[in-house]
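The shown structure was predicted, so the numbers you read here are calculated from the model rather than taken from an experiment.
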Amino acid sequence: MVDPRILTEAVTPPYADKGAVRLVAELWDHLWPWSRRGFERQRLIQAAGLALAIAASLAWVLAALGSLTPGAIIGWWFGWSVFEVIVRLGSKPYVKDGPWWGRCYRKASLMDMVCYVGFKNLLIGATLFIALKSLGLLVL
């Protein structure tokens, strides 16, 4: 029976039934947007996403070294976030539905993925800014 509360069809990610290892696999799923299936289907987009992720990571390193302004790092992070939406839709097109501790996943629409990636990367970016600032490596 179809659950009327779920907006799109249910999806089961590969790590959903791994028990205690599921938490580590889910963390990896949040931080690594690529998948083998994505590379098989969209090699160019996935490879470009990997290159852009490396560039965004280097931008954070340059920010930590004091060579990049906060505005520039925000620009790089925003650019990566936009491209990550495209990468994830091609490789991991699902989002969690319901509370964070739940195990209900569904197929992601474009807006679902924009919201998921935007919020996730906002949290990661804020954490990195706070870490760099508290270490005295970033002047705002």
Side-chain angles (χ1 to χ4, degrees):
M1 184 168 159
V2 176
D3 187 349
R5 296 169 295 170
I6 297 180
L7 301 174
T8 57
E9 63 267 13
V11 173
T12 303
Y15 60 84
D17 298 323
K18 294 205 182 219
V21 182
R22 183 183 72 86
L23 294 176
V24 174
E26 189 167 341
L27 179 65
W28 179 258
D29 193 54
H30 289 304
L31 298 176
W32 187 260
W34 300 276
S35 71
R36 182 173 291 136
R37 193 186 103 204
F39 272 110
E40 290 169 357
R41 291 181 33 204
Q42 302 173 316
R43 285 185 195 272
L44 185 61
I45 290 175
Q46 300 295 321
L50 194 56
L52 191 57
I54 291 169
S57 298
L58 287 175
W60 278 104
V61 170
L62 289 173
L65 296 174
S67 300
L68 212 56
T69 64
I73 190 66
I74 289 170
W76 269 103
W77 199 239
F78 179 77
W80 159 244
S81 297
V82 169
F83 209 81
E84 185 181 354
V85 169
I86 297 165
V87 168
R88 280 192 179 272
L89 283 172
S91 63
K92 296 179 179 179
Y94 52 84
V95 291
K96 188 177 275 191
D97 200 44
W100 64 268
W101 59 85
R103 294 184 182 186
C104 183
Y105 299 87
R106 64 181 175 84
K107 185 175 191 262
S109 69
L110 175 62
M111 216 53 210
D112 290 329
M113 197 58 75
V114 167
C115 292
Y116 165 73
V117 169
F119 187 69
K120 174 185 72 74
N121 285 354
L122 177 68
L123 291 176
I124 292 170
T127 301
L128 289 171
F129 264 115
I130 290 168
L132 292 176
K133 180 72 175 159
S134 65
L135 292 171
L137 299 172
L138 187 66
V139 180
L140 297 176

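Clustering ILVMFWY residues whenever any of their side-chain heavy atoms sit less than 4.5 angstrom apart, transitively, puts Met111 in the very cluster that holds Leu89. Trp28 and Met113 fall into different hydrophobic clusters, where Ile, Leu, Val, Met, Phe, Trp and Tyr are joined by side-chain heavy atoms under 4.5 Å apart, directly or via other members. Residues Leu128 and Leu27 are members of one and the same hydrophobic cluster, defined by side-chain heavy-atom contacts under 4.5 angstrom among Ile, Leu, Val, Met, Phe, Trp and Tyr.
Taking CG from Leu52 and CD1 from Ile45, the interatomic distance works out to 12.5 Å, rounded to the nearest 0.5 Å. To the nearest 0.5 angstrom, Thr127 atom OG1 is 11.0 Å from Leu132 atom CG. Interatomic distance, NZ of Lys92 versus CD of Glu84, reported as 9.5 Å (0.5 Å rounding). Taking CD1 of Ile73 as the start and CG of Leu62 as the end, the distance is 8.0 Å to the nearest 0.5 Å. Here Ile74 contributes atom CD1 and Thr69 contributes atom OG1; the two are 8.5 Å apart, rounded to the nearest 0.5 Å.
Using a 4.5 Å cut-off on side-chain heavy atoms (C-beta onward), Pro33 and Trp80 make contact. Put simply, the side chain of Leu137 does not reach to within 4.5 Å of the side chain of Leu65, judged on heavy atoms. Side-chain contact between Tyr116 and Lys120: present, with at least one pair of heavy atoms (C-beta onward) separated by less than 4.5 Å. When side chains are defined from C-beta on, Ser91 does not count as touching Phe39, because their heavy atoms never get closer than 4.5 Å. Using a 4.5 Å cut-off on side-chain heavy atoms (C-beta onward), Leu58 and Trp76 make no contact. At least one side-chain heavy atom of Trp77 sits less than 4.5 Å from a side-chain heavy atom of Ile124.
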Legend entry - Test log, rule side-chain contact (heavy atoms from CB on, under 4.5 Å), inputs Val87 and Leu50: CA-CA 9 Å; Val87 168; Leu50 194 56; over 6 Å; no
Inset, instruction - Could you please spell out the steps behind the side-chain contact (heavy atoms from CB on, under 4.5 Å) verdict for Leu68 and Trp60? - result: CA-CA 8 Å; Leu68 212 56; Trp60 278 104; over 6 Å; no
Inset, instruction - For side-chain contact (heavy atoms from CB on, under 4.5 Å), just list the numbers for Thr12 and Tyr105, CA-CA rounded to whole Å, side-chain angles, deciding distance to a tenth of an Å, and then say yes or no. - result: CA-CA 6 Å; Thr12 303; Tyr105 299 87; over 6 Å; no
Legend entry - Gln46/Arg41 under side-chain contact (heavy atoms from CB on, under 4.5 Å): CA gap, chis, key distance, verdict: CA-CA 9 Å; Gln46 300 295 321; Arg41 291 181 33 204; over 6 Å; no
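The two residues Ala53 and Trp34 come nearest to each other via the heavy atoms CB-CH2, 3.5 Å. When all heavy atoms of Gly102 and Lys96 are compared, the closest pair comes out as O-NZ, 3.3 Å. Across all their heavy atoms, Ser81 and Val117 have their closest contact at O-CG1, 3.5 Å.
Salt-bridge annotation for Asp112 and Lys107: absent, with no side-chain N of the basic residue lying under 4.0 Å from a carboxylate O of the acidic one.
If you check the side chains of Tyr94 and Asp29, you find a donor sitting under 3.5 Å from an acceptor.
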